[in-house]
Amino acid sequence: MKIDLIAGARPNFMKIAPIIDSIKVAQYKGDNIEYRLVHTGQHYDKNMSASFFKQLDIPLPDINLEAGGGSQAKQTAKIMVGYESLLMEESTDYCLVVGDVNSTMACAIVAKKMNIKVIHVEAGIRSGDLTMPEEINRIVTDSITDYFFTTSDIANKNLLLNGVPKNKIFYVGNTMIDTLLKYKSSFRKPMIWDKIGLTEKKYIVMTLHRPANVDEENILKVLIAEIIKNSNNYPVIFPVHPRTKKQLAIFRISYSNLYITEPLGYLEFNYLVEKAKLVITDSGGITEETTVMKIPCMTLRNNTERPETVELGTNELVGVDPKAIAPAMKKLFDGKWKTGTTPYLWDGKTSNRIIELLLQFP
Ligand code: UD1
């Protein structure tokens with residue numbers, strides 16, 4: 001069995017790494033499975049891509065399509081053209097895509113049109129918010145996927161509601177959590193820790209990169225001002241995505257307890273998260289990691305495709321109205337935040353389950 005593994009953007013790398021580990025174990029046992037790692041090049045900065053390969057022991061990609069940058073359509077088109085050429089040179093039996101980024105959708109479409117079976121890891125999640133490119137990517141990818149690996153019951157239900165046959169849906173858990181649990185004991189203190197003298201549970205970590213939160217000056221300025229006002233003077237560490245960095249430079253946002261840094265490595269970022277008092281984010285993946293590490297998490301979005309992180313985990317959907325920030329932060333500092341439980345099968349063994357199932361596919 002030959003399988004292409006597609007990785008393109010930062011949140012893909014931690015989902016692909018454990019799948020490669022499990023394939024290697026299967027190969028060692030003599031199972032008939034070969035893989036080709038395709039990096040689309042969607043994320044290309046060292047600290048958005050290469051550092052993850054190094055820290056998570058991901059082998060260098062067999063192919064890099066170098067399709068980074070550009071508008072949504074340009075980027076998607078570049079990935080599609082690059083992947084189609086690759087498949088024309090050398091085809092594969094399966095194309096495995098993870099998550100919901102442009103690379104996920106682009107490669108799924110190309111593979112399916114070439115009659116290659118598509119496997120989607122993290123299938124079925126939905127926010128219902130079609131203003132986000134990720135939601136469109138999820139819907140399109142799932143509409144042409146052959147095998148669906150899911151992280152939650154709600155994802156299974158969404159797929160069934162969309163008419164996906166039950167025997168194509170496999171609830172396996174969360175590969176991102178495989179990586180988290182594997183590397184938990186190797187988390188590394190980032191330089192900023194000693195530089196500004198951080199203390200456990202006495203600081204806040206923040207990540208914001210959604211266009212809705214960072215592209216407009218007034219929205220970003222007001223959100224950050226409100227967070228700082230309610231931060232109890234705790235240091236707020238803000239590793240910024242390239243998109244946010246551009247905006248912060250233009251809007252000239254600065255506060256004495258706001259520490260803006262480059263995007264951190266995986267091990268350094270999660271070291272900070274694990275010891276934080278609070279995480280404020282608009283990312284989806286981070287809400288899963290904080291749920292497992294039981295760290296209070298405030299999501300600055302009106303919806304989530306991961307409702308289990310709210311219903312079971314430590315995440316709360318605070319929304320994007322700045323007025324909602326003060327009561328949420330008061331609740332935290334009053335010690336009234338929920339502790340949460342971990343969703344079923346987020347146990348570090350998801351990739352093994354995926355490969356065992358894959359080996360039984362026709
Ligand atoms: C992408 C994903 C999003 C994910 C996020 C995490 C899509 C639609 N979105 O959003 O789901 O949460 O990654 O990081 O796929 N850029 C750089 N260097 C890089 C990468 C990007 O400068 O290494 C720049 C791009 O040129 C662009 C901007 O950052 O100007 C946005 O990059 P893009 O890949 O379009 O989407 P993200 O916002 O990163």
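The basis for the numbers below is simple: all heavy atoms, side chains too, and nothing from hydrogens, waters or symmetry mates. Note that the structure is predicted; figures quoted are calculated from it, not measured. For ligands, and for the atoms within them, numbers begin at 1 and follow the listed sequence.
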Side-chain donor-acceptor pair under 3.5 Å between Asn174 and Thr350, yes or no?
no
Is it true that Lys2 and Asp93 make a salt bridge, defined as a side-chain N closer than 4.0 Å to a carboxylate O?
no
Check Asp142 with Arg126, please: is the shortest side-chain N to carboxylate O separation under 4.0 Å?
yes
Quiz item: cation-pi between Lys24 and Tyr28, 6.0 Å / 45°:
no
Measuring from atom 37 (P) of ligand 1, which candidate in Arg10, His241, His209 has the nearest non-hydrogen atom?
His241
Does anything in residues 97-112 pair up under side chain to side chain donor-acceptor pair (under 3.5 Å), and if so which pairs, sequence neighbours excluded?
Thr40-Ser103, Gln42-Ser103, Gln72-Asn102, Gln75-Asn102, Asp100-Arg138, Asn102-Asn137, Lys112-Asp146
Atom 18 (N) of ligand 1: nearest protein contact (heavy atom, Å)
Asp45 OD2, 3.0 Å
Nitrogen or oxygen atoms of Asn137 and ligand 1 under 3.5 Å apart:
no
State yes or no: are the ring centers of Phe13 and His39 separated by less than 6.0 Å?
yes
Counting from 1 in the order shown, the ligand 1 atoms closer than 4.0 Å to a non-hydrogen atom of Gln42 are 1 (C), 7 (C), 15 (O), 34 (O)
With respect to Gln72, determine whether any N or O atom, backbone or side chain, lies less than 3.5 Å from an N or O atom of ligand 1.
no
In the protein, which heavy atom is nearest to atom 2 (C) of ligand 1, and how far is it?
Val101 CG1, 3.6 Å
Please determine, by modelled atom types, if Asn315 and Thr304 share a side-chain donor-acceptor pair under 3.5 angstrom.
no
Options Lys46, Gln75, Arg210, ranked by nearest heavy atom to atom 33 (P) of ligand 1, top entry
Gln75
Measure from the ring center of Phe333 to the ring center of Tyr234 and say whether it is less than 6.0 Å.
yes
Answer with side chain, backbone, both or neither: which part of Pro211 has a heavy atom less than 4.0 angstrom from an atom of ligand 1?
neither
Please list, in number order, the atoms of ligand 1 under 4.0 Å from a heavy atom of Gly69.
26 (O)
Quick check on contacts: which atoms of ligand 1 are under 4.0 angstrom from a heavy atom of Lys246?
30 (O)
Of Glu134, His43, Glu135, the one whose closest heavy atom lies nearest atom 3 (C) of ligand 1 is Glu134
I'd like to know if Arg210 pairs up with Glu134 as an ion pair, taking the criterion as any Lys NZ or Arg NE/NH1/NH2 lying under 4.0 Å from an Asp or Glu carboxylate oxygen.
yes
Ranked by distance from atom 26 (O) of ligand 1, the top protein heavy atom is Tyr44 OH, 2.8 Å
Who's the nearest protein heavy-atom neighbour of atom 8 (C) of ligand 1, and how far?
Asn102 OD1, 3.2 Å
Contact with ligand 1 for Pro11, non-hydrogen, under 4.0 angstrom:
yes
